Number of protein chains: 2
Amino acid sequence: MSQDVFEVIADGTRRRILDLLRSGERPVGELVDLLGVSQPSVSKHLKVLDRAALVRVRVDGPRRHYSVDPAALAEVEAWLAPFRELWADRLDALEHHLDGLESRDAREDARQDERAPSGQTAGDTRHTPCERAER
Amino acid sequence: MSQDVFEVIADGTRRRILDLLRSGERPVGELVDLLGVSQPSVSKHLKVLDRAALVRVRVDGPRRHYSVDPAALAEVEAWLAPFRELWADRLDALEHHLDGLESRDAREDARQDERAPSGQTAGDTRHTPCERAER
DNA sequence: CATTCATATGCACCTAGAGGAATATGAGGG
DNA sequence: CCCTCATATTCCTCTAGGTGCATATGAATG
């Protein structure tokens, strides 16, 4: 069952629904039009979102206006927060690193970074270069 | 293929791996012990995390020490940010007439009737930070 | 009441992906 | 060289879940 918030927002369609609802409540049909997926699919996504308490419904005659309830996203926020700090630290360390080291060959190292139990020394650790460390 | 960060962090085991790596780099075997899942499974999760650039590897002899790279979480952060503002707004409004309701039922209206004149259409609001298809 | 509109639900199909067992790979140490 | 340890990869199975179609529900309207 999709009751975990992380699984709920894992789906792109559901994220788009939430994005659309950010600008105000909308009836289902409007979402169907904007999303370009079938109405049953939208309804099912809304049901999942509702079970996760991410949306609310306002019944207006035959129509149901959905609005976003971002409170449940606090769980994601809470999980993310420690990484944000870590991210800041890393950026800091990276800036320090970039400060004086740019053209030095990082080959002959094998430095102190051998067994640090919880030191998390920002060792070289190469990886496929991506776009990391954006500001 | 799991390359979307949201799908990557949707898995609880992977989130636990990231949590564990927050306190410092660890070899795979340690993660296996701490997580209580099979080693192949851990390796596969690490591969997924690596493809999403959420972890880095430091090769040390036969061992591979993984560390977390929180930069890729910026996408989640970016998606989350507007909801955080919305959340604050809601909290504000809630505090205003805080009469002791806390049930989240379909009983809400008349807060801000902004209907986003030309707000976002069905346009896609995501950007892949990098798309490499190595291997 | 019957009709119609808006939405929800059931059914069937299909793909992704999580998990474990077995095996391959690769680096050091005798 | 072979052996062993640490990890990666392959193969397989199984289930969750996303999708569309058809249909049910339920409210307003005449």
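Convention: sequence-line order gives letters A, B, ...; per-chain numbering from 1. Note that the structure is predicted; figures quoted are calculated from it, not measured.
- The CZ atom of B/Arg58 sits 16 Å away from the P atom of C/dA27 (whole-angstrom rounding).
- When each of B/Arg58, B/Arg22, B/Arg56 is paired with B/Asp69, the salt bridge (Lys or Arg N to Asp or Glu O under 4.0 Å) condition holds for B/Arg56 and for no other.
- Residue A/His45 places at least one side-chain N or O closer than 4.0 Å to OP1 or OP2 of D/dT19.
- Look at CG on B/Leu49: it is 14 Å from C1' on C/dG17, rounded to the nearest Å.
- Within 6.0 Å of CZ on A/Arg84 lie more than 12 heavy atoms contributed by other residues, nucleotides or ligands.
- Between the CD atom of B/Glu7 and the P atom of C/dA18 there is a distance of 9 Å, given to the nearest Å.
- Judged by distance alone, with hydrogens and angles left aside, the side-chain atoms of A/Arg15 form a donor-acceptor pair with the main-chain N or O of A/Ile9 at under 3.5 Å.
- B/Arg16 pairs by the side chain to side chain donor-acceptor pair (under 3.5 Å) definition with nothing, not counting sequence neighbours.
- Judged by distance alone, with hydrogens and angles left aside, the side-chain atoms of B/Arg14 form a donor-acceptor pair with the main-chain N or O of B/Val8 at under 3.5 Å.
- The CG atom of B/Leu35 sits 14 Å away from the P atom of C/dA18 (whole-angstrom rounding).
- Taking atom CZ of A/Arg16 as the reference point, atom P of D/dT19 lies 10 Å away to the nearest angstrom.
- Each of A/Gly61 and A/Thr13 was matched to the nucleotide of DNA chain D holding its nearest heavy atom; the match closer to the 5' end belongs to A/Thr13.
- Residue A/Asp4 contributes atom CG, which lies 14 Å from atom C1' of D/dG17 at whole-angstrom precision.
- Rounded to a whole Å, the CG atom of A/Asp11 is 17 Å from the P atom of D/dA16.
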Can you give one letter per nucleotide of nucleotides 6-12 of chain C, 5' to 3': B if a protein heavy atom sits under 4.0 Å from the base, S if only from the sugar-phosphate, - if neither?
-> SBBBBB-

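- Atoms CD (B/Glu25) and P (D/dA6) sit 17 Å apart, rounded to a whole Å.
- Residues that satisfy the salt bridge (charged side-chain N to carboxylate O under 4.0 Å, His left out) test with A/Asp60, not counting sequence neighbours, are absent from this structure.
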